[in-house]
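What follows is a single structure, written as structure tokens, with notes after it.
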Number of protein chains: 2
Amino acid sequence: MEAKEALHKFEDFLKKKTLRVTEPRKEVLVQAWKTHSHFTAEEMYDWVKDGGGKASRATVYRTLGLLVEGGFLAAIERGQGQVLYEHILGHRHHDHMICLGCSSILEFRNQEIEALQEQEAAQSGFHMVHHTLTLEGYCSSCWQKFRPELDE
Amino acid sequence: MEAKEALHKFEDFLKKKTLRVTEPRKEVLVQAWKTHSHFTAEEMYDWVKDGGGKASRATVYRTLGLLVEGGFLAAIERGQGQVLYEHILGHRHHDHMICLGCSSILEFRNQEIEALQEQEAAQSGFHMVHHTLTLEGYCSSCWQKFRPELDE
DNA sequence: ATTAATGCAAATGCTTTGCACGTGA
DNA sequence: TCACGTGCAAAGCATTTGCATTAAT
């Protein structure tokens, strides 16, 4: 989805919730759409600042929360309290593989797995709102590099 | 697995790594085996304290890290920097459904999903070390309770 | 006897909050 | 207008760390 379209939807979202369409809020959304990769709250804060925009750290955090709530961004949790965001509107759902060596993130989709999850939830009478599937390990190049010392 | 057996393995693990078998370390392991549920670092600290044992908060954190490293405990990440631990040695791997209403945790196992994950990783040349699959939603009783207001 | 492990308290890092001021509806 | 959103700096919270002390080997 284009940034323009996302922005439009965000404005609709805000209006529907009787929240105000403000400069800082728009700025955060626009920046989120400028990358196709994952980012942290702190990175977002830097982008807004460097982009000449106005939004304090507090507002960045508040807005990221809103964007997740509205389904514009997904928050993916890494260990150690680290949270990464990515824009998801208009993207098909996907899951992640995270490399323990270089921290790179591979995305993958698997419809079969999704279906089995739904089935698993239904069996327990559980109403799934969303899910997270993360594989941790080593990408092929890190595996080459680290394998020897991991086997010790 | 019994606490006694787990303790024995933990001592072996420490010796193999030339780490010392200390009272605080043993105390944390024993407490971890006293529950069959999930717990936080803070809860562990309280248990140790109330159990008359000795282990400062710092040592609890340090020891939990060791136990995860050794495969005695699994750390499951919830949002907001909340980390839960559970003992896994001798338990088959399982995944979680977390209720957004009452925070209860259901466990499930699905061998098909596991197999598909392996397959997915292999396809990308990714060497999976472990994975986390968490479904978030509402357990059947909370769904009854909250559904009306969620539909608003 | 050594040297790692511990406890304490201070430090860290990320995130949230209180409140006076600015601003969108 | 005027309530809501913002910025700032302070507060929170879970976790980590430095260092003197204690205890395992």
Side-chain angles (χ1 to χ4, degrees), chain A residues 7-8 10-31 38-70 73 75-85 103, chain B residues 7-8 10-31 38-70 73 75-85 103:
Chain A
L7 181 54
H8 191 134
F10 185 38
E11 293 178 358
D12 286 350
F13 168 78
L14 291 172
K15 284 172 190 158
K16 195 170 304 168
K17 302 206 73 155
T18 344
L19 297 174
R20 293 179 181 169
V21 176
T22 65
E23 276 314 314
R25 283 175 175 164
K26 288 193 285 185
E27 179 68 14
V28 170
L29 181 127
V30 168
Q31 290 298 336
H38 309 80
F39 58 90
T40 62
E42 193 62 23
E43 283 169 337
M44 171 58 75
Y45 173 61
D46 290 338
W47 293 343
V48 170
K49 227 180 17 179
D50 298 348
K54 352 128 199 320
S56 63
R57 215 181 302 264
T59 297
V60 165
Y61 277 99
R62 290 186 275 233
T63 306
L64 288 175
L66 268 180
L67 289 170
V68 168
E69 186 189 329
L73 299 182
I76 96 171
E77 312 270 344
R78 303 215 37 192
Q80 308 88 47
Q82 196 179 146
V83 182
L84 296 178
Y85 296 89
S103 296
Chain B
L7 180 54
H8 191 134
F10 185 38
E11 293 179 358
D12 285 349
F13 168 79
L14 292 172
K15 284 171 191 161
K16 195 171 304 169
K17 303 206 71 156
T18 343
L19 297 174
R20 293 176 181 175
V21 176
T22 65
E23 276 314 312
R25 282 176 176 164
K26 289 193 285 185
E27 179 69 14
V28 170
L29 181 127
V30 168
Q31 290 298 336
H38 308 81
F39 59 89
T40 62
E42 193 62 24
E43 283 168 337
M44 172 57 76
Y45 174 61
D46 290 340
W47 292 343
V48 169
K49 227 179 17 182
D50 298 349
K54 350 125 200 323
S56 64
R57 214 180 303 263
T59 296
V60 165
Y61 278 98
R62 290 188 274 233
T63 306
L64 288 175
L66 269 180
L67 289 169
V68 168
E69 186 191 328
L73 299 182
I76 95 171
E77 313 269 342
R78 301 213 39 186
Q80 307 88 45
Q82 195 179 144
V83 182
L84 297 178
Y85 296 89
S103 297

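Quick note: numbers below take in every heavy atom, side chains included, and nothing from hydrogens, waters or symmetry partners. From a predicted model like this one, the values you see are computed outputs, not experimental measurements. Below, chain A is the first sequence line, B the second, and so on; all start at residue 1.
With rounding to whole Å, A:L64 atom CG is found 14 Å from C:dC14 atom P. Across the protein-nucleic acid pair, B:Y45 atom OH and C:dA9 atom P stand 10 Å apart, rounded to whole Å. Going from atom CZ of A:R57 over to atom C1' of D:dA11 covers 15 Å, rounded to whole Å. Rounding to whole angstrom units, CZ of residue A:R20 and P of C:dG24 are separated by 9 Å. Rounding to whole angstrom units, NZ of residue A:K54 and C1' of D:dT6 are separated by 12 Å. Here the C1' atom of nucleotide D:dT25 and the NZ atom of B:K26 are 13 Å apart, to the nearest Å. Between the CE atom of B:M44 and the P atom of D:dT15 there is a distance of 13 Å, rounded to whole Å. C:dG13 atom P lies 11 Å from atom CD of A:E42, rounded to whole Å.
Out of C:dT6, D:dC8, C:dA5, the shortest distance to the side chain of B:P24 is found at C:dT6. Distance from the side chain of A:A58 is smallest to D:dC8 among C:dA5, D:dC8, D:dT15.
Residue-level contact check: A:R25 touches the backbone only, with heavy atoms under 4.0 Å from sugar-phosphate atoms and none from bases.
One N or O on the side chain of A:R25 and one on the backbone of A:R20 form a donor-acceptor pair closer than 3.5 Å.
Between D:dT15 and B:Y61, a contact under 4.0 Å exists linking OP1 or OP2 to a side-chain N or O. The phosphate of C:dT6 (OP1 or OP2) has a side-chain N or O of B:T22 nearer than 4.0 angstrom.
Note: B:L73 CG to B:M44 CE = 7.0 Å, rounded to the nearest 0.5 Å. The distance from atom CG of A:D12 to atom NE2 of A:H8, rounded to the nearest 0.5 Å, is 4.5 Å. If you take OG1 on B:T40 and CG on B:D46, they are separated by 7.5 Å, rounding to the nearest 0.5 Å.
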